[in-house]
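Just below is one structure, and these are the notes that go with it.
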Protein chains: 2
Amino acid sequence: MKLTAKGRYAVMAMTDLAAQGAGALIPLSDIAARQKISLSFLEQLFRQIRRAGLIESQRGAKGGYRLEQAAADISLDQIILAVDEPIKTHGCTPEARHGCTGSSERCLTHDLWGALESHIGAFMSSVTLADVVAGRVTPSIVLDMEAAE
Amino acid sequence: MKLTAKGRYAVMAMTDLAAQGAGALIPLSDIAARQKISLSFLEQLFRQIRRAGLIESQRGAKGGYRLEQAAADISLDQIILAVDEPIKTHGCTPEARHGCTGSSERCLTHDLWGALESHIGAFMSSVTLADVVAGRVTPSIVLDMEAAE
DNA sequence: TTAAACTTGACTAAAATAGTCGGAATTACT
DNA sequence: AGTAATTCCGACTATTTTAGTCAAGTTTAA
Ligand code: FES
Ligand code: FES
């Protein structure tokens, strides 16, 4: 998935929301103030996140947002995919018969991009909102990795 | 490091160069034709890669480029850093006293971005050109990772 | 009735991307 | 000496993407 400021704001806001407790309705203006994000921008983001089914909303006075699922069941890639395009590391399109060089075969680097993509994806799908809120941000994958070095 | 088409082209071209054999001088026009990359664009990229010390050049007729070091000693991040800006996952600047929310403390997601960055960096620095050319594209880190799941 | 809050789609300024272009310098070959 | 091949260089630009803004709603609690 793409890594932009938009995605970062989405994760920050969702982390804030998760940190406010489970069932309470939190108005966006609170999150905007705490995280110093423009309210209009947050509205745009939360619209997309809601359509992705990660949060539910209550309109009107005393309304707000709350997580649709438990924080431990919401992974980072879900959030980022809700607001940004998926990352595209390959130069070729999967449906096209030919690779990125125009020939019919895959280029030398094709597998590399796939490996990179799955490497990043493994991180993003393994970290949940609950992990971030708890400061338990290094999943076992990374721990193993760093221990091996 | 940033992941753009520019970086992808740089890696493709360097992989091509590495695949042509160790000591030979390869003109850019050959690589451009094989990889279907614009020659002007390649020139721009190779200029930067040379300045980074990864390749050496010979001007004039029968000139070209060759790797400065062994393919096994050139990692992906070196190539990508040569042509693109480093990736920036954090919202805050390291030198600034305050975090991305304006307060003096780090935001809830600060450590997350650091972990993500090191996770991606570990991949990029562990894969070498020799790995890519040999199709040995999955480093032990990824193997370990997938085995652990 | 009013104010707080979400909902929507369209709009935009600025930045980044993905190159192009024109020419200059260097070297091998004849 | 001349020519063709090739690297080297800086500046330029069209397009796309980013990071928002804006105006006008709708819904609900008090
Ligand atoms: S990336 Fe798929 S063929 Fe080059
Ligand atoms: S990313 Fe460093 S303080 Fe938010």
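Below, chains carry the letters A, B, ... as their sequence lines are ordered, and counting in each starts from 1. The structure displayed is predicted, hence computed values, not measured ones.
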Can you check whether A:T128's main-chain N or O pairs, donor with acceptor, with A:D131's side chain at less than 3.5 Å?
yes
Can you list, pair by pair, the side-chain donor-acceptor contacts under 3.5 Å of residues 16-26 of chain B, counting residues two or more places apart and other chains?
| from | atom 1 | to | atom 2 | distance (Å) |
| --- | --- | --- | --- | --- |
| B:D16 | OD1 | B:Q20 | NE2 | 3.3 |
| B:D16 | OD1 | B:R34 | NE | 3.2 |
| B:D16 | OD1 | B:R34 | NH2 | 2.9 |
| B:D16 | OD2 | B:R34 | NE | 2.8 |
| B:D16 | OD2 | B:Q35 | NE2 | 2.7 |
| B:Q20 | NE2 | B:D16 | O | 3.2 |

Going by side chain to side chain donor-acceptor pair (under 3.5 Å), name the residues that satisfy it together with B:T109, two or more places apart in sequence or in a different chain.
B:W113
So for atom CZ, which belongs to A:R106, do other residues, nucleotides or ligands contribute more than 12 heavy atoms lying within a distance under 6.0 Å?
no
Step by step, work out the side chain to side chain contact (heavy atoms under 4.5 Å, CB included) result for B:L3 and A:I120.
CA-CA 12 Å; B:L3 304 171; A:I120 298 176; 4.1 Å; yes
Looking only at heavy atoms, which two atoms of A:V127 and A:V137 are closest? And how far apart?
CG2-O, 4.3 Å
Identify all side-chain donor-acceptor contacts of residues 36-53 of chain A below 3.5 Å with residues at least two apart in sequence or on another chain.
| from | atom 1 | to | atom 2 | distance (Å) |
| --- | --- | --- | --- | --- |
| A:S38 | OG | A:S40 | N | 3.4 |
| A:S38 | OG | A:F41 | N | 3.1 |

Footprint string (nucleotides 10-19 of chain C, 5' to 3'): B base within contact, S backbone only, - free, heavy atoms under 4.0 Å:
B-----SSSB
From CD1 of A:I80 across to P of D:dT18 the rounded distance in Å is 13 Å
Round to the nearest Å and state the distance from A:L45 atom CG to C:dC6 atom P.
13 Å
Rounding to a whole Å, what distance do you find between B:K88:NZ and D:dT18:P?
15 Å
Return the value, rounded to whole Å, for the distance between atom CG of B:L42 and atom C1' of C:dC21.
16 Å
Side chain B:E43 and base D:dC8 donor-acceptor under 3.5 Å:
yes
Tell me which residues in residues 16-30 of chain A lie within less than 4.0 Å of DNA chain C, going by non-hydrogen atoms.
A:I26, A:P27, A:L28
For DNA chain D, determine which residues of residues 50-71 of chain A have any heavy atom closer than 4.0 angstrom to one of its atoms, and list them numerically.
A:Q58, A:R59, A:G60, A:A61, A:K62
From CD1 of B:I49 across to P of D:dC8 the rounded distance in Å is 12 Å
Heavy-atom count check: over 12 atoms from other residues, nucleotides or ligands less than 6.0 Å from B:E85 CD?
no
When you look at B:I80 and B:K2, which way does the side chain to side chain contact (heavy atoms under 4.5 Å, CB included) test go after all the steps?
CA-CA 8 Å; B:I80 293 183; B:K2 209 176 266 185; 5.8 Å; no
To the nearest 0.5 Å, what is the distance between CZ on B:R8 and NE2 on A:H90?
9.0 Å
Over 12 non-hydrogen atoms of neighbours within 6.0 angstrom of NZ in A:K62:
no
Rounded distance in Å - CG (B:L39) to P (D:dC8):
12 Å
